[in-house]
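In this chain, residues are counted from 1 in sequence order.
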Amino acid sequence: VKMHSMVPREDQMQAFNRPPQGQLKVVLATNIAESSITIPDVVYVIDSCRARLKSASIQGGGGLTSALTDVWAGRANLHQRR
């Protein structure tokens, strides 16, 4: 289950369901691990040490565009993910 602002809340809520008997819940973490949510029943967290940051650039015509850019996470960010 992906968890970010563009995913409907109903879909994100699936992360809080208990896994079926005999299955483990695994979290692949990026910036989401720095937020204040706690997902119950997590057995393992795999941290990619990456973060997606919003960046902006000025186009030739003077317009501004934004995009999410993958970058290495800083040490303070990684510590907060624990």
Side-chain angles (χ1 to χ4, degrees):
V1 175
K2 293 181 180 181
M3 296 185 70
H4 57 77
S5 63
M6 301 304 289
V7 175
R9 180 175 167 81
E10 300 79 36
D11 294 347
Q12 292 185 41
M13 294 305 292
Q14 293 177 22
F16 298 95
N17 296 338
R18 286 191 172 272
Q21 183 70 27
Q23 293 186 8
L24 302 175
K25 187 180 287 189
V26 177
V27 174
L28 302 175
T30 59
N31 312 46
I32 192 67
E34 297 174 37
S35 69
S36 61
I37 65 167
T38 300
I39 301 173
D41 307 318
V42 172
V43 177
Y44 299 104
V45 174
I46 300 170
D47 193 333
S48 65
C49 299
R50 304 288 287 174
R52 296 199 80 188
L53 300 179
K54 194 171 194 176
S55 61
S57 62
I58 298 174
Q59 297 298 318
L64 188 65
T65 61
S66 64
L68 289 175
T69 307
D70 275 332
V71 297
W72 289 107
R75 184 173 288 180
N77 300 95
L78 297 175
H79 182 73
Q80 188 173 353
R81 293 181 187 184
R82 289 202 231 172

Are the charged groups of D41 and R18 less than 4.0 angstrom apart, N to O?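 Yes, this pair counts.
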Is it true that M13 and I39 fall in one hydrophobic cluster, defined by side-chain heavy atoms closer than 4.5 Å?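 Yes, same cluster.
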How close do F16 and P40 get, counting heavy atoms only, and between which atoms?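 Between these two residues, the closest heavy atoms are CD2-CD, 3.7 Å.
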Could you tell me which non-hydrogen atom of A15 sits nearest to which non-hydrogen atom of K25, and how far apart they are?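 Where A15 meets K25 most closely, the heavy atoms are O-NZ, 2.8 Å.
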Report, as yes or no, whether the 6.0 Å neighbourhood of atom CD1 on I58 holds more than 12 heavy atoms from other residues, nucleotides or ligands.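 12 or below, so no.
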